[in-house]
Peer 1: 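Okay, here's the structure, questions in a sec.
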Amino acid sequence: MKVTTKLLGLIGFPLEHSLSERYFNERIAREGYDFIEYRNFPLESIEELPELLELFPEICGLNVTSPYKRSVMKFLGDIDSQAQEVGSVNTITIGRQEEELILKGYNTDIVGFEKSFVPLLEPHHTAALILGTGGAARAVAYVLQKLGIEYRFVSRRFEQDKDAILYSNLDEQTIGNFKIIINATPLGMFPQVNLYPPIPYDYITSEHLLFDLIYNPKQTKFMEFGQDRGAKVSNGLEMLYGQADAAWDIFRDWGCME
Ligand code: NAP
């Protein structure tokens with residue numbers, strides 16, 4: 001019988017779309033860590049986090065998904081410098097010293113995105129539109145900046161500090177100037193698979209690269225519309241694996257596998 005002495009898990013809401021639980025539990029089984037279990041912890045509010053950690057003292061590490069990647073930061077005593085710069089955390093290590101909790105935050109979306117994105121690039125891919133302005137969009141922007149790729153955010157609303165383009169202002173010239181389009185919104189994610197970002201797909205060409213951070217379903221409408229016009233497309237599955245593997249290394253180095 002499996003006796004679980006260490007718990008890893010995912011917080012966010014909702015969590016039905018997530019493949020993390022399966023991915024981590026398969027790796028746990030493959031590597032023979034029969035005392036560890038990875039569980040989904042759907043929290044309706046991030047304010048439930050302290051109670052969760054009290055209820056499950058065996059939790060050693062957590063992944064964080066939408067919509068808590070920013071709001072979780074106020075609970076963390078320490079935040080790694082990259083995550084701090086991006087302003088978003090998707091991995092937390094948890095320690096306990098007497099009564100005190102020691103929480104440190106990291107962002108592995110950065111390395112996950114970079115690893116899956118770079119192999120797709122061609123010389124004409126020099127400028128990108130990032131659809132959405134949330135946690136994942138900020139990790140994407142961090143990587144683009146590092147790679148020297150010009151980028152603009154696209155948003156549903158105008159906010160002075162974000163300098164984003166409104167969807168309604170995307171025209172032929174803009175789509176022509178930005179040969180990379182990255183969907184960092186939840187539009188098209190299971191179960192709402194018929195939704196897609198409202199961009200003018202007619203102007204997409206075979207020179208475009210459409211990268212969807214969504215991995216469930218594997219082929220989104222956004223990708224389908226791009227493919228119909230000859231664009232190179234990718235879903236977020238490799239990114240998911242990349243960020244999960246980097247989180248695994250953080251959990252291991254923290255001692256969760258001992
Ligand atoms: P988030 O923090 O909730 O942000 C999503 C952004 O999308 C929002 O800031 C918003 O930007 C825009 N948005 C939200 N609802 C929208 C709607 N109905 N119509 C148009 N735009 C909308 O989520 P996130 O954590 O950044 O994640 C975004 C997506 O990336 C999710 O689908 C998530 O599953 C995926 N993701 C995948 C991976 C991976 O490993 N593959 C990793 C991280 C995230 P505006 O308000 O500015 O429009």
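For ligands, and for the atoms within them, numbers begin at 1 and follow the listed sequence. Count residues from 1 along the sequence. Small disclaimer: the values here were computed from a predicted structure and weren't measured.
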Peer 1: I need the contact type for Met239 against ligand 1. Using non-hydrogen atoms and a strict under-4.0 Å cut-off, is it side chain, backbone, both or neither?
Peer 2: both
Peer 1: As an exercise, identify every atom of ligand 1 less than 4.0 angstrom from a heavy atom of Gly135.
Peer 2: 2 (O), 26 (O)
Peer 1: Which is closest to atom 14 (C) of ligand 1 in terms of heavy atoms, Arg156, Gln243, Arg70?
Peer 2: Arg156
Peer 1: Tell me which part of Met189 gets within contact of ligand 1: side chain, backbone, both or neither, using heavy atoms under 4.0 Å.
Peer 2: side chain
Peer 1: Where does the angle between the aromatic ring planes of Phe113 and Phe117 fall among parallel (under 30°), tilted (30 to 60°) and perpendicular (over 60°)?
Peer 2: parallel
Peer 1: Can you find an N or O of Thr133 that's nearer than 3.5 Å to an N or O of ligand 1?
Peer 2: yes
Peer 1: Is Leu187 touching ligand 1 with its side chain, its backbone, both, or neither, if touching means heavy atoms under 4.0 Å apart?
Peer 2: side chain
Peer 1: Run the salt-bridge test on Glu31 and Arg27 with the 4.0 Å N-O cut-off and return the result as yes or no.
Peer 2: yes
Peer 1: Could you check whether Thr174 and Asn177, counting side-chain N and O atoms only, form a donor-acceptor pair closer than 3.5 Å?
Peer 2: no
Peer 1: Quick one: does Gly112 get within less than 4.0 Å of ligand 1, heavy atoms only?
Peer 2: no
Peer 1: If you count the atoms of ligand 1 from 1 in the order shown, which ones are under 4.0 Å from a heavy atom of Ile214?
Peer 2: 32 (O)
Peer 1: Under 3.5 Å between some N or O of ligand 1 and some N or O of Gly134?
Peer 2: yes
Peer 1: By ring pair (Phe, Tyr, Trp, His ring centres under 6.0 Å), which residues pair with Tyr68, not counting sequence neighbours?
Peer 2: none
Peer 1: Among Glu238, His17, Met239, exactly one meets side chain to side chain contact (heavy atoms under 4.5 Å, CB included) together with Tyr215. Which residue is that?
Peer 2: His17
Peer 1: Can you list the steps and then say if Lys69 with Asp109 is a side-chain contact (heavy atoms from CB on, under 4.5 Å)?
Peer 2: CA-CA 11 Å; Lys69 288 184 186 183; Asp109 285 338; 2.7 Å; yes
Peer 1: For Arg157, state whether at least one heavy atom is located under 4.0 Å from any atom of ligand 1.
Peer 2: yes
Peer 1: So is Leu213 polar-close to ligand 1, meaning N/O to N/O under 3.5 Å?
Peer 2: yes
Peer 1: Heavy-atom distances under 4.0 Å decide this one: backbone, side chain, both or neither, for Asp109 against ligand 1?
Peer 2: side chain
Peer 1: Checking contacts here: is it the side chain or the backbone of Ser155 that comes within 4.0 Å of ligand 1, counting heavy atoms only? Could be both or neither.
Peer 2: both
Peer 1: Report the C-alpha distance between Ile199 and Val154 in whole Å, list the side-chain angles of each, state the deciding distance to 0.1 Å, and finish with yes or no for side-chain contact (heavy atoms from CB on, under 4.5 Å).
Peer 2: CA-CA 10 Å; Ile199 63 168; Val154 180; 5.5 Å; no
Peer 1: From the options Ser66, Ser88, Ala244, select the one whose nearest heavy atom is closest to atom 1 (P) of ligand 1.
Peer 2: Ser66
Peer 1: Do Leu120 and His125 have side chains that approach each other closer than 4.5 Å (heavy atoms only, starting at C-beta)?
Peer 2: no
Peer 1: Is there any N or O on Leu237 that sits under 3.5 Å from an N or O of ligand 1?
Peer 2: no
Peer 1: Hey, is ligand 1 close enough to Gly236 that some N/O pair sits below 3.5 Å?
Peer 2: yes
Peer 1: Taking only heavy atoms of Lys69 into account, list the atoms of ligand 1 that are under 4.0 Å away from them.
Peer 2: 25 (O), 43 (C), 44 (C)
Peer 1: Taking 4.0 Å as the limit for heavy-atom contacts, which would you say applies to Pro197 with ligand 1: side chain only, backbone only, both, or neither?
Peer 2: neither
Peer 1: N/O to N/O below 3.5 Å, does that happen between Pro67 and ligand 1?
Peer 2: no
Peer 1: Run down the list Asn183, Thr185, Asn90 and name the one with the heavy atom closest to atom 7 (O) of ligand 1.
Peer 2: Thr185
Peer 1: For the residue pair Asn63 / Tyr38, report whether a side-chain donor-acceptor contact shorter than 3.5 Å exists.
Peer 2: yes
Peer 1: Who are the side-chain contact (heavy atoms from CB on, under 4.5 Å) partners of Arg252, not counting sequence neighbours?
Peer 2: Asp249, Met257
Peer 1: What's the shortest heavy-atom distance between Leu76 and Gly105, and which atoms?
Peer 2: CD1-CA, 3.7 Å
Peer 1: So, does Trp248 use its side chain to make a donor-acceptor pair with the main chain of Phe24 at under 3.5 Å?
Peer 2: no
